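Below: one structure, written as structure tokens.
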Amino acid sequence: MDHQPVEYKGYTILPIAIPEGEDLYFGGYEISKDGKVVRVRKKTMPGFFYRDAALTDSIEHAKLEIENLVAMQEHDD
């Protein structure tokens, strides 16, 4: 799995795997909408021994954050 953007509910997720030492990766992500960065998170927990696992986890964390952003936006409307 590469750093491929993932579209989700009108947002774009760019997953990031951050190496920590020789055998550990932390996740991270950048969320954007309409070309503007909305959120950036780095070194999300937990850490993983495999880069692909950190990227997959990053996408899931970002989706949860997008769910919260959408809910807040609906509440404001």
Side-chain angles (χ1 to χ4, degrees):
M1 180 184 287
D2 290 328
H3 294 328
Q4 296 296 323
V6 175
E7 299 296 323
Y8 186 72
K9 294 193 175 189
Y11 291 83
T12 303
I13 302 166
L14 180 62
I16 303 165
I18 301 164
E20 184 75 26
E22 292 183 23
D23 58 354
L24 186 65
Y25 293 90
F26 287 100
Y29 53 86
E30 178 180 288
I31 298 173
S32 60
K33 184 171 184 168
D34 301 326
K36 292 183 178 182
V37 175
V38 178
R39 295 281 192 279
V40 176
R41 303 281 187 234
K42 294 182 179 177
K43 289 197 172 183
T44 57
M45 296 294 214
F48 295 91
F49 292 113
Y50 299 100
R51 182 177 175 273
D52 286 352
L55 291 170
T56 299
D57 188 66
S58 298
I59 293 167
E60 295 307 312
H61 273 153
K63 285 180 178 180
L64 288 173
E65 187 155 358
I66 289 170
E67 293 290 340
N68 289 330
L69 290 170
V70 169
M72 288 177 14
Q73 186 176 29
E74 289 173 355
H75 182 267
D76 291 342
D77 290 343

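Computed from a prediction, not measured in an experiment: that's the story for all the values here. Residues take their numbers from the sequence shown, with the count starting at 1.
- Within the 4.5 Å cutoff, the side chain of Tyr11 has heavy atoms near those of the Val70 side chain.
- Put simply, OG on Ser58 and CZ on Phe48 are 8.0 Å apart, with the number rounded to the nearest 0.5 Å.
- Checked against salt bridge (Lys or Arg N to Asp or Glu O under 4.0 Å), Lys33 has no partners two or more places apart in sequence or in another chain.
- Neither Val40 nor Tyr29 shares a network with the other; the hydrophobic side chains, linked directly or stepwise wherever heavy atoms of I, L, V, M, F, W or Y lie under 4.5 Å apart, form separate groups for each.
- Residues forming a salt bridge (Lys or Arg N to Asp or Glu O under 4.0 Å) with Glu65 (at least two apart in sequence, or on another chain): Arg39, Arg41.
- Residue Tyr25 comes nearest to Ala54 through the heavy atom pair CB-CB, 3.8 Å, listed as atom of the first residue, atom of the second, then distance.
- In this structure, CG on Leu55 lies 10.0 Å from CD1 on Ile18, to the nearest 0.5 angstrom.
- The salt bridge (Lys or Arg N to Asp or Glu O under 4.0 Å) test applied to Lys9 returns Glu67, not counting sequence neighbours.
- For the atom pair Glu60 CD and Ile13 CD1, the distance stands at 8.0 Å (nearest 0.5 Å).
- Once rounded to the nearest 0.5 Å, the distance linking CD1 of Ile59 with OH of Tyr8 reads 12.0 Å.
- Residue Ile16 comes nearest to Glu30 through the heavy atom pair CD1-N, 4.4 Å, listed as atom of the first residue, atom of the second, then distance.
- With contacts defined as side-chain heavy-atom distances shorter than 4.5 Å, the pair Asp57/Pro46 qualifies.
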